[in-house]
Amino acid sequence: MRNRVVKYTLMVLVWSVADVAAIAQTSDGVFTTGVRVGANHVSITNLKQTFCTDDNQPTYELHEKQYVTPTVSVIAQYRFPISLVAVEGGISYCQTRNEIEKTTTHNTETYDIKLNHIMLSVGAKVYPVKGAFAKATIGAGPCLNSSTCVKYDATGVTNAAKMQVEEHISQTVKGRTIVRTDLSLGYDFPMGLTIEAFYGKCLVDLLEVGINGYGFSEQRNDSQYIGMSIGWLITKNGFSRRQ
């Protein structure tokens with residue numbers, strides 16, 4: 001059922017992105033393309049419960065580290081003539097990363113979770129005042145490093161033992177397809193510069209945990225993103241000043 005929902009979501013997103021370009025060929029509105037780069041602070045829920053059971057606490061301590069990760073997007077936007085509304089579609093790369101550190105009197109183990117996703121997205125923008133806008137988007141896409149999304153390290157053990165554990169983890173923990181929605185506030189400057197601040201929320205479980213002998217358990221591991229991005233929009237006339 002989950003795979004079917006993701007499949008249908010991707011189909012709708014692909015159709016919507018293509019439709020933005022098709023509209024631009026037949027209308028007198030403003031069509032722009034562009035690129036946008038940014039960074040976001042990421043948090044993933046329930047990682048401690050996934051990788052460390054409570055059975056042996058307080059014999060060990062847990063620490064969670066959060067990261068600022070990059071995002072890159074290629075976008076196409078169509079603003080309807082005599083309207084405050086625009087539609088936007090695009091393809092983007094986003095990274096979701098957290099780290100769990102488990103410390104005992106004998107050694108320290110770390111689980112570095114890094115998920116790389118490519119997403120197709122579609123959204124709507126409203127321009128209440130000149131270039132200022134509010135935007136809502138939804139996107140979905142596969143995990144590029146599904147079987148290698150967890151990097152394991154440990155002190156007090158041999159390299160051979162670490163490699164064996166990491167191999168078992170790659171067979172046990174897999175990265176899932178992401179479905180994410182974003183809310184943004186930003187400004188499009190006349191010369192083409194665009195900036196925005198956004199909040200994103202993952203709508204699905206990002207990690208699939210199989211049967212294992214390490215005490216890992218299946219939990220709901222969704223994520224949140226808070227960040228900013230900057231980009232450049234180009235009209236059909238190139239880098240000329242936009243209206």
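What you are looking at is a predicted structure, and each value in this text was computed from that prediction instead of being measured.
- Atom CD of Glu64 and atom NZ of Lys102 lie 15.0 Å apart (nearest 0.5 Å).
- Note on Asp112 versus Arg97: salt bridge recorded, some NZ/NE/NH1/NH2 to OD/OE distance being below 4.0 Å.
- With hydrogens and angles ignored, the 3.5 Å screen pairs a side-chain donor or acceptor of Ser83 with a backbone N or O of Val85.
- In this structure, the side chain of Ser146 does not engage the main chain of Cys143 through any donor-acceptor pair within 3.5 Å.
- Of all the heavy atoms in Thr71 and Cys94, the pair that sits closest is OG1-CB, 4.3 Å.
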Original post:
Can you list the steps and then say if Arg180 with Met119 is a side-chain contact (heavy atoms from CB on, under 4.5 Å)?
Top reply: CA-CA 9 Å; Arg180 171 177 161 177; Met119 294 194 305; 4.1 Å; yes
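- Atom CD1 of Ile75 sits about 11.0 Å away from atom OG1 of Thr137, to the nearest 0.5 Å.
- Here Glu218 pairs with Arg176 in a salt bridge; the nearest charged N to carboxylate O distance falls below 4.0 Å.
- Residues Leu203 and Thr181 meet the side-chain proximity criterion, which asks for heavy atoms closer than 4.5 Å.
- Linking ILVMFWY residues whenever their side-chain heavy atoms come closer than 4.5 Å, directly or via other members, leaves Val157 and Met163 in distinct clusters.
- A pairwise comparison of heavy atoms in Leu47 and Asn98 identifies CD1-CB, 3.3 Å as the closest pair.
- A chain of hydrophobic side-chain contacts below 4.5 Å, direct or via other Ile, Leu, Val, Met, Phe, Trp or Tyr residues, connects Leu193 to Tyr187.
- If you check the side chains of Gln95 and Lys114, you find no donor sitting under 3.5 Å from an acceptor.
- Ala39 and Phe198 get closest at one heavy-atom pair: O-CZ, 4.1 Å.
- Put simply, the side chain of Asn46 never gets that close to the backbone of Gln219: no donor and acceptor are under 3.5 Å apart.
- Glu196 and Ser184 are linked by a side-chain donor-acceptor pair at a separation below 3.5 angstrom, with hydrogens and angles left out of the test.
- Side-chain N/O atoms of Asp188 and Tyr127 include a donor and acceptor closer than 3.5 Å.
- Ring centroids of Phe51 and Phe216 are separated by less than 6.0 Å, placing the two rings close together.
- Under a 4.0 Å N-O distance rule, the pair Arg36/Glu88 qualifies as a salt bridge.
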Subject >> Residues Thr69, Tyr225; criterion side-chain hydrogen bond (donor to acceptor under 3.5 Å, both in side chains); working and verdict >> reply: CA-CA 9 Å; Thr69 63; Tyr225 310 82; over 6 Å; no
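- Using modelled atom types and a 3.5 Å distance limit, the side chains of Gln224 and Tyr199 yield a donor-acceptor pair.
- In this structure, Ser170 contributes its side chain and Thr148 its backbone to no donor-acceptor pair below 3.5 Å.
- Other residues, nucleotides and ligands contribute only 12 or fewer heavy atoms inside 6.0 Å of the NZ atom of Lys151.
- Nearest heavy atoms, Leu185 versus Ala134: CD2-CB, 3.8 Å.
- Note: the hydrophobic cluster containing Tyr78 does not contain Leu84 (ILVMFWY, side chain heavy atoms under 4.5 Å, direct or indirect links).
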**OP:** Test Tyr111 against Glu99 for side-chain hydrogen bond (donor to acceptor under 3.5 Å, both in side chains), laying out the working first.
**Re:** CA-CA 6 Å; Tyr111 304 91; Glu99 183 180 288; over 6 Å; no
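- Checked by atom type and distance alone, the side chain of Ser223 never pairs as donor or acceptor with a backbone atom of Ser43 at under 3.5 Å.
- The two residues Gln164 and Tyr214 have their closest heavy-atom pair at O-OH, 4.5 Å.
- In this model, a donor atom of one side chain and an acceptor atom of the other lie less than 3.5 Å apart for Thr50 and Asn221.
- Inter-residue side-chain proximity for Leu115 and His117 is flagged as met; some heavy-atom pair is nearer than 4.5 Å.
- We find that Arg220 and Asp222 are joined by a salt bridge, their nearest charged nitrogen and carboxylate oxygen being less than 4.0 Å apart.
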**OP:** Using the salt bridge (Lys or Arg N to Asp or Glu O under 4.0 Å) rule, take Glu109 and Lys162 through it: C-alpha gap first, then chi angles, then the decisive distance, then the call.
**Re:** CA-CA 10 Å; Glu109 296 177 291; Lys162 287 192 291 185; over 6 Å; no
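- Taking every heavy atom of both residues into account, Cys202 and Ile178 meet most closely at SG-CG1, 4.0 Å.
- Hydrophobic clustering keeps Val122 apart from Leu183 (ILVMFWY residues linked when any side-chain heavy atoms are closer than 4.5 Å, directly or through intermediates).
- The shortest distance between side-chain heavy atoms of Val37 and Ile230 falls below 4.5 Å.
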**OP:** Output, in order, the C-alpha distance, side-chain angles, deciding distance and verdict of side-chain contact (heavy atoms from CB on, under 4.5 Å) for Thr96 and Tyr67.
**Re:** CA-CA 8 Å; Thr96 306; Tyr67 285 87; over 6 Å; no
**OP:** Walk me through it: do Leu62 and Glu101 pass the test side-chain contact (heavy atoms from CB on, under 4.5 Å)?
**Re:** CA-CA 6 Å; Leu62 294 176; Glu101 183 180 87; over 6 Å; no
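- Asp205 contributes a side-chain N or O that, together with a main-chain N or O of Leu207, makes up a donor-acceptor pair within less than 3.5 Å.
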Original post:
How far apart are the C-alpha atoms of Val204 and Thr177, what are their side-chain angles, what is the distance that settles it, and do they pass the side-chain contact (heavy atoms from CB on, under 4.5 Å) test?
Top reply: CA-CA 8 Å; Val204 296; Thr177 294; over 6 Å; no
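- Transitive grouping of hydrophobic side chains (ILVMFWY, heavy atoms separated by less than 4.5 Å) brings Val74 and Tyr93 into a common cluster.
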